[in-house]
Every structure is written in C-alpha cells, then in structure tokens.
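Every chain is numbered from 1 and lettered A, B, ... according to where its sequence line falls, protein lines coming before strand lines.
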There are 2 protein chains.
Amino acid sequence: MALRYALLGLLAKNEATGYELNHQFKETMIYFWSAHHTQIYRELLKLEENGLAQSKHVHQTDAPDKKIYSITEKGREVLQAWLLEQPSVTPKLKDEFLLRVSLFQNLPTAKAVEYLQTSKEQHKQGIQMMKEWRGMNYPDGLYKKSDLGEYLTSGFGLKYMESWVEWCDWAITELEKRNGDE
Amino acid sequence: MALRYALLGLLAKNEATGYELNHQFKETMIYFWSAHHTQIYRELLKLEENGLAQSKHVHQTDAPDKKIYSITEKGREVLQAWLLEQPSVTPKLKDEFLLRVSLFQNLPTAKAVEYLQTSKEQHKQGIQMMKEWRGMNYPDGLYKKSDLGEYLTSGFGLKYMESWVEWCDWAITELEKRNGDE
DNA sequence: AGGGTCATGTAAGGAGTTACATGATTGT
DNA sequence: ACAATCATGTAACTCCTTACATGACCCT
C-alpha cells in the first residue's frame with residue numbers, strides 16, 4: 001500500500017505524469033523507497049479507479065501523448081488519514097550489499113576489502129552529488145514549506161551516506177587487522 | 001534470489017531448523033534483511049529440491065518434530081559463486097517511516113515532532129540492546145573468524161541507529177525553527 | 001548511425017505478506 | 001487461566017521485477 005501513498009504525496013505537491021513521477025522517485029526517494037515505472041503506471045490506474053486521482057489526456061506533436069494526473073479531494077483525505085495512523089515499528093530494510101558483508105568470512109580478505117573500497121567510493125560520489133543537489137534546491141539552507149519533507153529526508157540521505165563511508169573505513173581497518181590469519 | 005543466499009550463508013555456519021533460521025534472521029539481520037517464517041520454510045524446500053541443502057527429520061517427545069537442514073557441497077559452491085559476482089550498485093531501501101517524513105508538510109508540526117521523538121526513543125533503545133548484545137557476543141571486541149560478517153554488520157547496525165538518533169535531533173530542531181509559520 | 005529523452009503500457013513470473021491450521025509444554 | 005515457546009506448513013493474495021512493445025525527436 002505504501003507506493004499508493006508515495007504517489008499521492010507527490011501528487012499533493014503538483015500534478016504530474018507517470019513519467020515525471022518515476023523521475024521524482026529516483027531523484028528524491030532513493031534513500032527510502034523505489035519503484036519501477038511499470039509499477040507506477042499500474043498504481044496510477046488504480047488511483048484513478050478508486051477516485052483518489054484524476055487524469056487529463058494531453059496530445060503532443062513533438063513527443064508522445066501524455067496523461068497528467070492530479071490528486072482529488074478524496075485522495076487528499078485518504079493521504080491525511082494514512083499520515084495520522086500509527087506508523088509501524090519495523091524498519092524492514094533490504095540491502096544486498098550488507099547481506100554479502102554478513103558472509104565475508106567466506107571470501108578472501110583482499111576481495112572483501114575491494115568490495116568495501118568500491119562501495120565507499122560510490123557513496124562518496126553520492127555525498128558529492130547530494131550536496132550539489134541540496135545547494136541548488138535549498139540555497140542558504142532555505143526551502144519552501146511544501147519541500148519540508150524532501151528537505152528532511154535528503155538530510156537523512158546525506159547523513160546515511162556519510163555514516164556509510166565512516167563504517168567502510170572502520171570495516172576495512174578491521175579486515176586488515178585480521179589479514180594473515182585466514 | 002537473495003533470500004536463498006542469506007539462508008545458505010547461515011547454513012554454511014551451522015546446520016539449523018527453519019525455526020532457528022527465522023530467529024537468526026531477526027537477531028542478526030534486521031538492519032539489512034527480513035523474511036517471514038512462511039517464506040523461509042518455502043525457500044528451504046526449494047534449496048533441498050535443488051540439492052543445495054539436505055534435511056534430516058528428528059522426532060521429539062517434549063516438542064514438535066523438527067527438520068534439521070545442512071548445506072551440501074553444491075550449496076557451498078553456489079554461495080561462493082554468488083559472493084564473487086559483482087554486486088549491483090542499487091541500495092534499494094524501503095523505509096515506511098522515512099516515506100511518512102517525506103510528507104511532513106501535510107501534518108501539523110506537533111504531530112511530526114511527536115513521530116520523530118517516538119522514533120528516536122525506539123532507536124536509542126535499539127542502540128542499548130545492540131551494545132549489550134555485542135558486549136555479550138564479542139567480549140573485549142574479540143570474535144571468531146566465522147562471525148566476521150556478523151561482527152561487521154552489527155557494527156553497521158549500531159552506527160546506523162546512532163546516526164538515526166542524530167538525524168532525529170536535527171530534524172526536530174528544523175521543525176521547531178519553522179513552528180509558527182504554518 | 002547510435003544513443004538518449006519523452007511517454008505509456010502488457011504479460012509473466014518471482015518475492016513477500018497475511019490469514020489460517022495444529023498442539024504439547026513451560027512459565028507467570 | 002493465559003501467554004509464550006517450540007515447530008512446520010498451506011493457501012490466497014498483493015507487491016515487485018524483468019522482458020517485451022512502440023515510435024518520434026534530438027544530439028554527437
């Protein structure tokens with residue numbers, strides 16, 4: 001059900017096409033949600049069926065036609081109700097990289113260190129990109145009220161990546177300490 | 001497919017029943033993977049079908065009968081091969097709480113702050129529990145080679161929760177700064 | 001000439017969740 | 001008396017992923 005509310009949340013800000021919503025997902029939600037475009041398009045059809053969103057068909061000559069979705073009053077109410085519900089306690093993360101890390105005793109140390117180093121570099125790049133994005137979107141730390149959630153979660157994303165990098169450094173040190181006794 | 005390797009990884013350490021594997025998941029993998037017992041039992045049946053694990057039935061009088069699974073040579077090979085594959089770049093986290101946070105502009109500030117405070121307390125308790133668990137399992141920071149992965153990922157879990165708490169503090173401050181202009 | 005962007009979808013299959021089912025023993 | 005622990009599963013359902021499909025325009 002969460003995808004439904006993620007889409008309603010984005011539509012509560014601005015009307016958008018499925019294509020745009022897909023990009024917004026990738027841009028601002030990577031650190032806590034993800035969805036394929038196929039899933040987004042199907043969920044949008046359901047939103048419309050249930051009267052939570054409505055669409056208007058727009059004909060274009062220079063590009064394929066598109067459907068612009070907007071949230072309905074009922075959609076806003078449903079979103080509100082969900083937000084006021086008691087959130088469940090479970091975090092429920094799924095990270096395949098950490099799953100691999102949990103099995104590092106089955107790999108040669110050098111290979112494990114290599115994995116960590118690659119991941120560290122990727123996250124360092126992510127930090128760089130996030131900083132630029134935030135600098136662009138919130139100059140001088142200022143943001144619109146409607147961007148509050150995005151501001152807070154992008155702050156989380158940054159912190160998450162920073163602590164990931166620190167953890168990589170720690171883990172590499174730990175691996176190198178043990179190097180030799182395998 | 002990842003669940004399959006998670007189970008093979010646990011079985012590579014020790015033979016275990018589905019019931020035990022379910023508990024091991026909850027104890028040591030919460031910060032990067034999760035699975036319901038129903039899924040685990042189904043996957044174990046498949047592992048056996050594919051010759052990656054084998055089971056022996058054990059009759060008990062004081063408790064229900066059980067099936068002890070152990071990894072086969074083929075299972076170890078398949079696990080090895082997966083570990084050596086290039087890990088994919090995508091993190092693919094799903095966190096319903098952060099999804100709610102991303103929509104905080106639709107909630108009264110007081111409610112948003114309350115959510116953050118509750119989450120902060122939960123994570124502080126998690127840190128406490130994790131520290132005790134690590135103190136018990138790795139006295140003086142020492143661990144067995146076979147626990148390397150667990151040692152590294154539990155270190156990650158600790159760091160993750162700590163940075164979560166820090167982020168909550170920051171987010172609460174940000175919310176309180178804006179309080180009044182809604 | 002080839003790749004990227006815009007734009008929307010269907011179909012098939014795999015992964016994950018929820019409800020149901022059983023039943024003895026142990027602890028509060 | 002009631003809840004938790006041990007122990008395993010089926011069935012129905014929803015959610016998510018991957019492959020396939022179309023086609024014009026723009027940039028290098």
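- Spacing between atom CG of D62(B) and atom P of dA4(D) amounts to 21 Å, rounded to whole angstrom units.
- In this structure, I40(A) atom CD1 and dA7(C) atom C1' are separated by 13 Å, rounded to whole Å.
- Cation-pi geometry between R134(A) and Y151(A) is met: the NZ or CZ atom falls under 6.0 Å from the ring centre, inside 45° of the normal.
- Using a 4.0 Å heavy-atom cutoff across all strands shown, T38(B) reaches at least one base atom of the nucleic acid.
- Donor-acceptor pairing under 3.5 Å is recorded for the side chains of E48(A) and S55(A).
- At dA15(C), none of the side-chain N or O atoms of Q39(B) fall inside 4.0 Å of OP1 or OP2 (strictly under the cut-off).
- Close to dA7(D), at under 4.0 Å from its OP1 or OP2, lies a side-chain N or O of Q60(B).
- For K46(B), the listed nucleotide lying nearest its side chain is dA15(C); candidates were dA15(C), dG16(C), dG9(D).
- Between Y41(B) and dT8(D) there is a side-chain polar atom (N or O) within less than 4.0 angstrom of OP1 or OP2.
- As rounded to whole Å, 16 Å separates atom C1' of dT17(C) from atom CG of L3(A).
- The CG atom of L45(A) sits 14 Å away from the P atom of dC15(D) (whole-angstrom rounding).
- Contact between the side-chain N/O atoms of K94(B) and the OP1/OP2 oxygens of dC16(D) is found at a separation under 4.0 Å.
- If you check dC16(D), dT18(D), dA7(C) against the side chain of R42(A), the one that comes closest is dC16(D).
- A cation-pi contact, defined as under 6.0 Å to the ring centre and within 45° of the axis, is absent between R4(A) and W82(A).
- In this structure, NE2 of H37(B) is placed 10 Å from C1' of dC20(C), rounded to the nearest angstrom.
- For K67(A), the listed nucleotide lying nearest its side chain is dT8(C); candidates were dT8(C), dA7(D), dA15(C).
- With respect to the salt-bridge test (charged N to carboxylate O, under 4.0 angstrom), the residues E174(B) and R178(B) do not qualify.
- In this structure, T17(B) reaches the dT8(D) phosphate: one of its side-chain N or O atoms is under 4.0 Å from OP1 or OP2.
- As rounded to whole Å, 14 Å separates atom P of dC6(C) from atom CG of L21(A).
- Put simply, Y19(B) has no side-chain N or O that comes within less than 4.0 Å of OP1 or OP2 on dT8(D).
- Contact annotation: H36(A) side-chain N/O to dT17(D) OP1/OP2 distance is under 4.0 Å.
- One side chain, W164(A) or S119(A), offers a donor N or O that lies under 3.5 Å from an acceptor on the other.
- In terms of position on DNA chain C, the residue among W33(B) and E20(A) whose nearest nucleotide sits closer to the 5' end is E20(A).
- The distance from atom CD of Q24(A) to atom P of dA7(C) is 13 Å, rounded to the nearest whole Å.
- Atom CE of M29(A) is separated from atom P of dC16(D) by 13 Å (rounded to the nearest Å).
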